[in-house]
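Data first, discussion second: the structure below is written as structure tokens.
Chain naming here is simple, since letters A, B, ... match the order of the sequence lines and numbering starts at 1 in each.
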Amino acid sequence: MASAKAAIHWFRKGLRLHDNPALLEAIKQCENIYPVFIIDPWFAREEFVGKRRYQFLLESLSDLDRSLRERKSRLYVAKGKPEDVLPQLFRKWSISLLTFENDTEPYARKRDSAIRSLAEGLNVSVKSFTSHTLFDPEHLLFLNKDQVPGTYKSFCSLVKGVKVELPLEAPAQISNHIPVKDEAGEYDVPTLLDMGYKEIVGPPTPFRGGESEGLKRLRMHMNNKRYIAEFEKPKTKPNSLEPSTTVLSPYLKFGCVSSRLFYHELLSVYKQVKSHSQPPVSLVGQLYFREWFYLNGYGVPNFDKMIGNPRCVQIPWIENAEHLEAWEKGTTGFPFIDAIMTQLKTEGWIHHLARHMVACFLTRGDLFISWEEGAKVFSRYLLDADWSLNTANWQWLSASAFFHQYFRVYGPVSFGKKTDKNGDYIRKYLPVLKKMPHKYIYEPWTAPLHVQKAAGCIVGKDYPEPIVDHKIVSKRNIGWMAEAYRKKKAMKQGKGGKSAKAKKNPAKRPSNSNLDGFVVRKK
DNA sequence: TTCCTGTTGTATAC
DNA sequence: GTATACAACAGGAA
């Protein structure tokens with residue numbers, strides 16, 4: 001009699017039991033299921049993954065473990081490189097099937113193809129499923145003749161009529177077999193300290209990781225049918241003291257909540273109300289942006305770089321370590337910018353429009369520093385840092401791709417005022433400005449000295465002077481952007497045979513020594 | 001080739 | 001609150 005068949009379901013993203021086709025396939029085919037997550041210690045470094053996101057991941061794993069134990073199973077957290085760990089586990093547990101969710105990121109694709117051939121050599125069959133996104137990017141590319149749609153609108157017409165699969169139920173039972181004895185706790189979910197991180201100082205991030213938390217948050221929003229039906233992204237506030245958007249992004253990033261579940265729940269609410277908002281501003285519209293950006297990450301070469309990325313405008317960004325550091329640390333002297341960066345670091349989440357504000361400021365708006373630098377910082381601190389989405393949004397805001405109206409520059413003083421005239425958001429995150437009168441809170445350097453004294457905040461001593469003159473640098477930058485776009489245009493025309501034109505308008509490389517003296521191109 | 005549209009700008013005028 | 005200049009982009013449709 002043949003012994004019971006054993007499978008590993010390998011969790012990576014998709015940290016959930018609901019809508020998990022790969023896990024269900026393992027359960028269908030095998031009696032003994034080993035749910036595994038592999039932690040690669042090499043990634044446990046703060047320069048890549050900030051401690052708050054790592055904490056969120058560990059909480060998600062603990063939640064998964066709890067849910068599995070409720071079903072008389074458990075999560076096995078193994079440490080090491082997947083290509084080392086998995087073969088060991090295959091042998092140890094006599095595995096014949098490996099299942100996982102497809103991942104479209106370049107690193108993951110490389111890793112998974114290596115694992116596939118490894119498994120093949122060890123007589124382990126591999127089954128993988130698309131369940132992180134609404135659509136299968138490979139299928140979308142096939143439908144669009146291998147072209148990634150260049151605009152949101154053309155993406156929407158592409159997916160019109162493509163069915164979004166219904167989400168699957170969580171399995172009631174995982175496995176017949178009793179989990180292996182692990183008295184030493186070899187496979188337990190580690191702590192932040194175990195992974196070499198220092199403990200989080202100050203209040204914990206307000207968002208806890210895991211499928212349970214994610215589903216709770218989803219339900220909470222879905223119960224508010226009016227909010228769901230009327231949701232319009234541009235009308236939500238970047239500086240409200242409580243989030244004005246759903247904060248489902250970290251749960252979608254790790255797959256604690258299935259995007260297909262979210263999508264079908266939205267459709268179900270839409271059916272129950274008289275009218276609802278539409279893409280691009282609606283919540284379904286937000287999911288479509290996610291899909292479009294994932295497709296870009298899948299189909300555009302060198303997507304996370306400027307150089308070698310055919311969709312990205314080539315812009316001669318400035319290198320300026322002091323400015324970059326001031327931006328990251330929240331010491332630019334612009335209270336709205338500094339408050340947003342403080343919220344980013346202390347809570348791991350900031351509103352979408354707040355991201356716009358600081359991203360525009362770092363790149364084309366003020367500092368003219370590469371979006372790649374900004375993307376690195378965001379991916380360190382954001383709980384929801386997602387390779388495709390983060391990259392795409394940085395390209396958008398820096399007017400490198402997707403968005404091209406570079407002359408629309410966010411004002412670090414004006415933008416926040418529109419939705420928070422009193423500056424309460426700034427007061428919350430920058431207590432040093434707590435007593436600054438609202439007239440000056442967005443630009444404290446304009447406050448008379450006696451006002452600064454009365455507020456207990458002297459600019460230049462208690463709070464920094466602004467590192468740039470926004471009016472001057474934003475105008476200068478528009479000129480530089482125009483140069484870069486002209487060069488792009490000339491290159492494009494040059495390809496058609498008129499190469500002389502390409503040389504006519506080369507983009508000027510801005511020099512650090514001439515930051516304020518650049519004269520905008522004359523008419 | 002021209003025209004239209006593009007989630008989410010700002011300052012100023014009425 | 002709404003309109004307009006600012007200096008003017010790209011992609012896609014017609």
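Only the C1' atoms considered, B:dC4 is 15 Å distant from C:dA8, to the nearest whole Å. With P as the reference atom, C:dA10 and B:dT10 are 22 Å apart, rounded to whole Å. Nucleotides C:dC9 and B:dA11 are separated by 22 Å at their P atoms, to the nearest Å.
A:L158 places its CG atom 16 Å from the C1' atom of C:dG11, with the value rounded to the nearest Å. Put simply, OH on A:Y152 is 12 Å from C1' on B:dG6, counting in whole angstrom units. Taking atom CD of residue A:Q147 and atom C1' of nucleotide C:dG11, one finds them 13 Å apart after rounding to whole Å. The separation between A:N393 atom CG and B:dT8 atom C1' is 12 Å, rounded to whole Å. As a whole-Å value, the separation of A:H404 NE2 from B:dT5 P is 18 Å. Counting to the nearest Å, the P atom of B:dT8 and the CZ atom of A:F361 are 22 Å from each other. Atom P of nucleotide C:dG12 and atom NZ of A:K145 are separated by 14 Å, given to the nearest angstrom. Between A:F407 atom CZ and C:dC9 atom P the separation is 7 Å, expressed in whole Å.
Candidate nucleotides B:dT8, C:dA8, C:dA10 were compared by shortest atom distance to the side chain of A:Y406, and C:dA8 ranks first. With distances taken from any side-chain atom of A:K489 to the nucleotides C:dG12, C:dA10, B:dT8, the minimum falls on C:dA10. For A:H356, the listed nucleotide lying nearest its side chain is B:dT8; candidates were B:dT8, B:dT10, B:dT7. Taking only side-chain atoms of A:Y485, from C-beta outward, the nucleotide of B:dT8, C:dA10, B:dG6 with the closest atom is C:dA10. In this structure, of B:dT10, C:dG12, C:dA10, it is C:dG12 that holds the atom nearest to the side chain of A:T151.
Across all strands, A:V281 comes closer than 4.0 Å to base atoms (heavy-atom distances). Within 4.0 Å (heavy atoms only), A:E232 reaches no atom of the nucleic acid at all. A:F402 comes within 4.0 angstrom of nothing in the nucleic acid, heavy atoms only.
Contact check on A:R380 versus A:E328 returns a salt bridge, with a Lys/Arg side-chain nitrogen under 4.0 Å from an Asp/Glu carboxylate oxygen. Using a cut-off of 4.0 Å between Lys/Arg side-chain N and Asp/Glu carboxylate O, A:D19 and A:R260 are scored as salt-bridged. Salt bridge status for A:R52 with A:E59: absent, with no side-chain N to carboxylate O gap under 4.0 Å. Looking at A:E230 and A:K235, no side-chain N of the basic residue comes within less than 4.0 Å of a carboxylate O on the acidic one, giving no salt bridge.
Listed pair A:K153 / B:dT7 fails the phosphate criterion, with no side-chain N or O lying under 4.0 Å from OP1 or OP2. Within the structure, a side-chain polar atom (N or O) of A:S414 is placed less than 4.0 Å from OP1 or OP2 of B:dA11. For the pair A:K418 and B:dA11, the criterion of a side-chain N or O lying under 4.0 Å from OP1 or OP2 is not met.
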| said: With ring-ring contact (aromatic ring centres under 6.0 Å, His included) as the criterion, how do A:Y152 and A:Y288 come out once you've worked through the C-alpha distance, each side chain's angles and the decisive distance to 0.1 Å? | reply: CA-CA 8 Å; A:Y152 182 75; A:Y288 282 172; 7.1 Å; no

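Shown here, B:dC14 forms a base pair with C:dG1; the pair counts as Watson-Crick or G-U wobble because both key distances fall under 3.5 Å. Summarising the base pairing, C:dA8 is matched to no nucleotide, lacking a Watson-Crick or G-U wobble pair whose two defining distances lie under 3.5 Å. Judged by Watson-Crick or G-U wobble contacts below 3.5 Å, the nucleotide B:dT7 has no partner.
No side-chain donor from either of A:Y294 and A:E105 sits under 3.5 Å from a side-chain acceptor of the other.
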